[in-house]
Amino acid sequence: LMFSNKDDAERVMRVLPKRLNKYGLSLHPEKTRLIELVTGQGSKPDTFNFLGFTHYVGTSRKGRGILKRKTQSKKMKASLKRLNEWMKANRHKPVEQFIAELNQKLRGHYGYYGITFNSRMLRSYYEQAKRLLFKWLNRRGGKRIWWIQMAELIDHRIPLEKPRIVHSQLGAKP
């Protein structure tokens with residue numbers, strides 16, 4: 001829950017456990033806390049991880065503080081590790097099928113993590129996926145391919161899914 005007024009947040013934190021208790025539910029003490037995202041002079045705001053994103057306060061183009069989200073680094077590493085294992089296990093498939101299935105995985109990643117202000121992490125994921133693809137295509141046996149040939153393959157012959165923002169906050173009306 002997010003509040004613009006600290007008093008409102010504290011009041012909800014007092015009432016919420018009672019209301020949840022009525023239904024046999026409770027708040028997890030280690031996962032429930034008040035976080036001040038607005039910075040005072042010289043102080044750095046808190047960040048927190050939730051649903052695979054790191055939430056932090058950034059600066060808008062007009063210089064105001066704004067809540068931003070980026071892919072949590074732990075989730076990024078785990079996703080790349082799973083992608084690497086998948087490529088290793090499926091590198092024997094025909095290149096067209098291999099890249100088509102890789103594109104499905106990339107679309108899924110962009111579908112979840114493709115939110116406003118996360119384009120840098122999406123681009124990083126895309127670049128890492130390209131490097132992994134190059135690595136595993138060259139471990140199929142036979143003739144090795146050069147990076148220039150790889151670029152030709154994924155840019156023109158069998159395009160690799162480019163990163164994109166799927167969920168934009170900027171056009172949303174409250």
Side-chain angles (χ1 to χ4, degrees), residues 1-4 6 9-10 12-13 16-17 20 25-40 42-61 64-93 98-140 147 150-151 154 159-172 174:
L1 302 171
M2 294 178 61
F3 299 91
S4 55
K6 186 176 181 180
E10 290 170 347
V12 168
M13 286 299 289
L16 190 60
L20 290 173
L25 301 172
S26 63
L27 292 172
H28 194 289
E30 292 176 20
K31 295 181 178 180
T32 306
R33 59 191 170 130
L34 286 175
I35 298 173
E36 191 166 345
L37 291 174
V38 180
T39 60
S43 66
K44 188 173 181 184
D46 290 336
T47 64
F48 63 97
N49 295 321
F50 184 65
L51 297 175
F53 293 97
T54 298
H55 297 69
Y56 64 99
V57 175
T59 316
S60 72
R61 290 182 182 177
R64 297 188 193 128
I66 186 170
L67 182 66
K68 293 185 175 185
R69 295 165 190 86
K70 65 180 181 178
T71 307
Q72 190 178 345
S73 60
K74 184 171 85 173
K75 300 293 183 181
M76 178 83 145
K77 287 176 190 171
S79 183
L80 286 168
K81 185 176 181 181
R82 281 192 312 274
L83 188 64
N84 185 49
E85 290 166 0
W86 176 84
M87 286 185 181
K88 181 179 180 181
N90 291 280
R91 66 182 181 226
H92 63 280
K93 294 181 178 180
F98 186 62
I99 293 179
E101 290 177 17
L102 174 59
N103 279 336
Q104 286 180 326
K105 294 186 176 303
L106 291 174
R107 274 192 297 276
H109 185 84
Y110 303 154
Y112 186 78
Y113 290 104
I115 63 171
T116 307
F117 305 120
N118 197 26
S119 58
R120 184 174 291 151
M121 295 299 276
L122 290 179
R123 187 71 180 171
S124 175
Y125 188 82
Y126 171 77
E127 293 298 329
Q128 291 294 327
K130 269 190 349 187
R131 286 184 183 94
L132 289 172
L133 179 62
F134 180 71
K135 170 186 168 181
W136 290 112
L137 285 180
N138 273 319
R139 293 189 180 186
R140 290 163 48 105
W147 186 258
M150 166 78 170
I154 63 173
L160 201 58
E161 190 78 25
K162 301 270 193 256
R164 63 190 177 92
I165 300 298
V166 177
H167 309 285
S168 176
Q169 292 175 304
L170 302 177

Neighbour count >12 (heavy atoms, 6.0 Å) for atom NZ, Lys130: yes
Between NZ on residue Lys135 and CD on residue Gln128, distance to nearest 0.5 Å: 10.5 Å
Validation row: Thr32, Met13 side chains within 4.5 angstrom (heavy atoms): yes
Heavy-atom neighbours of Lys77 NZ exceed 12 at 6.0 Å: no
Shortest non-hydrogen contact from Arg91 toward Arg139: NE-O, 3.6 Å
Neighbour count above 12 (heavy atom, 6.0 Å) for Arg164 CZ: no
Minimum side-chain heavy-atom gap Glu10-Phe3 below 4.5 Å: no
Any donor-acceptor N/O pair, Arg140 side chain to Lys93 backbone, under 3.5 Å: yes
Minimal non-hydrogen separation, Ile99 against Pro159, with atom names: CG2-O, 4.3 Å
Heavy-atom closest contact (Ile115 atom, Ile165 atom, distance): O-CD1, 3.1 Å
Minimal non-hydrogen separation, Thr116 against Ser168, with atom names: OG1-CA, 3.1 Å
Atom pair CZ/CG of Arg107 and Leu102 - distance to nearest 0.5 Å: 9.5 Å
More than 12 heavy atoms from other groups under 6.0 Å of NZ on Lys70: no
CG/Leu1: more than 12 non-hydrogen atoms of other groups inside 6.0 Å: no
Ring geometry between Phe50 and His55 (parallel below 30°, tilted from 30 to 60°, perpendicular above 60°): tilted
Side chains of Thr71 and Tyr125, donor plus acceptor under 3.5 Å: no
Single hit among Tyr112, Phe48, Phe117 for side chain to side chain contact (heavy atoms under 4.5 Å, CB included) with Phe53: Tyr112
4.5 Å side-chain heavy-atom contact, Leu122 and His109: yes
Basic-acidic side-chain contact under 4.0 Å: Arg123, Glu127: yes
Verdict with reasoning, Trp86 to Lys105, per side-chain contact (heavy atoms from CB on, under 4.5 Å): CA-CA 10 Å; Trp86 176 84; Lys105 294 186 176 303; 3.3 Å; yes
Close side-chain approach of Trp136 and Asn90, heavy atoms under 4.5 Å: no
Straight-line distance of Leu80 CG to Arg131 CZ, nearest 0.5 Å: 10.5 Å
Side-chain (Asn49) to main-chain (Ser73) donor-acceptor, under 3.5 angstrom: no
Sub-4.5 Å side-chain heavy-atom contact between Asn84 and Lys88: no
Spacing of CG belonging to Asn103 relative to CG belonging to Leu160, to within rounding of 0.5 Å: 5.0 Å
Side-chain heavy-atom pair Ser79, Arg82 within 4.5 angstrom cut-off: yes
Closest non-hydrogen atom pair, Tyr113 against Gly52: CE2-O, 3.4 Å
Closest non-hydrogen atom pair between Glu161 and Tyr110, with its separation: O-OH, 3.2 Å
Step-by-step side-chain contact (heavy atoms from CB on, under 4.5 Å) determination, Met87 to Leu133: CA-CA 7 Å; Met87 286 185 181; Leu133 179 62; 4.2 Å; yes
Gap separating the CD atom of Gln72 from the CG atom of Leu51, nearest 0.5 angstrom: 9.5 Å
